[in-house]
Amino acid sequence: MNIHLISWILLMITAILAFVLKDKLSMIFMMITRVLYIPILVSGFMLALYRVPRDPVLGSLKVILSLAVIALLEIGFARKSHHNLASNIVWTLVVVFALTSVLGLYLADWYFF
């Protein structure tokens, strides 16, 4: 669980830096963010094997929201690369990320580490 939480925190930091910084530095942080998908998906799959049978609706919703965060990040990165990033993508990403975080902490019984 610690790997999953730390990976999400690092993902949030690198994603913010990827959206804020300019071209070359932005690309570096986009690649770091994409590398962080690996431990997030592996640890998330292991956590889902534990949580979904116990709470199928909220566990499945957490999986869907997590995949939506990754999809929105990639959409945002593509739009930023084409200099066509709209604020609605960023705000949608922030809201979905917040919902995913709150739901994940709820499913972990508010256990941070």
Side-chain angles (χ1 to χ4, degrees):
M1 182 152 148
N2 290 339
I3 292 172
H4 193 69
L5 184 61
I6 291 168
S7 297
W8 273 105
I9 291 169
L10 290 174
L11 179 86
M12 180 178 61
I13 294 167
T14 57
I16 290 170
L17 289 173
F19 282 120
V20 170
L21 296 174
K22 297 297 177 193
D23 296 329
K24 289 191 181 195
L25 283 175
S26 177
M27 288 301 289
I28 291 170
F29 283 105
M30 284 181 197
M31 291 300 142
I32 293 171
T33 300
R34 289 176 177 134
V35 169
L36 286 171
Y37 294 161
I38 297 168
I40 286 173
L41 291 173
V42 170
S43 62
F45 176 74
M46 292 170 31
L47 287 171
L49 288 176
Y50 171 77
R51 179 46 73 184
V52 171
R54 287 179 167 62
D55 195 351
V57 174
L58 290 179
S60 299
L61 182 62
K62 168 68 167 63
V63 170
I64 292 168
L65 286 174
S66 300
L67 293 173
V69 168
I70 292 173
L72 286 168
L73 276 171
E74 288 301 315
I75 291 169
F77 289 164
R79 295 238 177 138
K80 183 172 182 354
S81 296
H82 291 103
H83 305 288
N84 191 19
L85 182 62
S87 63
N88 62 348
I89 295 291
V90 175
W91 284 112
T92 305
L93 176 61
V94 168
V95 169
V96 173
F97 182 82
L99 289 173
T100 305
S101 299
V102 169
L103 183 58
L105 289 172
Y106 173 76
L107 289 173
D109 295 324
W110 304 104
Y111 175 74
F112 289 93
F113 284 102

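Here the structure is a predicted model, which means the values were calculated and not measured. Computed from heavy atoms alone, side chains included, the values below leave out hydrogens, waters and symmetry copies.
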message: Could you check whether any side-chain N or O of S60 sits under 3.5 Å from a backbone N or O of V57, counting only pairs where one atom can act as donor and the other as acceptor?
response: no
query: Is there side-chain contact between E74 and R34, with heavy atoms separated by less than 4.5 Å?
result: yes
- request: Any chance you could measure L105, atom CG, to T100, atom OG1, to the nearest 0.5 Å?
  value: 11.0 Å
L11 vs L73 side-chain heavy atoms within contact, under 4.5 Å: yes
- request: Test W8 against V69 for side-chain contact (heavy atoms from CB on, under 4.5 Å), laying out the working first.
  value: CA-CA 11 Å; W8 273 105; V69 168; 3.7 Å; yes
- request: Specify the closest pair of heavy atoms between R51 and L107, including all atoms of both residues, with the distance to one decimal.
  value: NH2-O, 2.6 Å
query: Roughly how far apart are I3 CD1 and I6 CD1, rounded to 0.5 Å?
result: 8.0 Å
field: Close aromatic pair by centroid cut-off 6.0 Å: F19 and F77
entry: yes
message: Could you work out, with salt bridge (Lys or Arg N to Asp or Glu O under 4.0 Å) as the rule, every residue matching R79, not counting sequence neighbours?
response: none
message: If hydrophobic clusters are built from ILVMFWY residues whose side chains come within less than 4.5 Å, do L72 and L67 share one?
response: yes
message: Does any part of the side chain of T33, heavy atoms only, come nearer than 4.5 Å to the side chain of L10, both counted from C-beta?
response: no
message: With a 4.5 Å cut-off on side-chain heavy atoms, are L25 and L17 touching?
response: no
- prompt: What's the spacing between S7 OG and M12 CE if we round to 0.5 Å?
  reply: 12.5 Å
message: In this structure, would V20 and M27 fall into the same cluster of hydrophobic residues linked by side-chain contacts under 4.5 Å?
response: yes
message: Hydrophobic clusters here meaning ILVMFWY residues chained together by side-chain heavy-atom distances under 4.5 Å, can you tell me if F97 and L61 are in one?
response: yes
field: Interatomic spacing from CD1 in I70 to CG in L36 - rounded to 0.5 Å
entry: 10.0 Å
task: Evaluate the side-chain proximity of L99 to L103: yes if any heavy-atom separation is below 4.5 Å, no if none is.
output: no
- request: Tell me whether M46 is reachable from V63 by hopping between hydrophobic residues (I, L, V, M, F, W, Y) whose side-chain heavy atoms are closer than 4.5 Å.
  value: no
task: Treat each ILVMFWY residue as a node, draw an edge where side-chain heavy atoms are under 4.5 Å apart, and state whether L65 and V102 are in one component.
output: yes
task: Measure the CG-CE distance between L21 and M30 for me, rounded to the nearest 0.5 Å.
output: 10.0 Å
- request: Could you tell me whether the side chain of S26 and the main chain of A18 form a donor-acceptor pair under 3.5 Å?
  value: yes
query: Just how far is it from atom CG of N88 to atom CG of L93, taken to the nearest 0.5 Å?
result: 11.5 Å
query: Can you name the nearest heavy-atom pair linking G76 to I89, along with the distance?
result: CA-CG2, 4.0 Å
field: Option among I32, I28, I9, V35 that satisfies the side chain to side chain contact (heavy atoms under 4.5 Å, CB included) test with T14
entry: I32
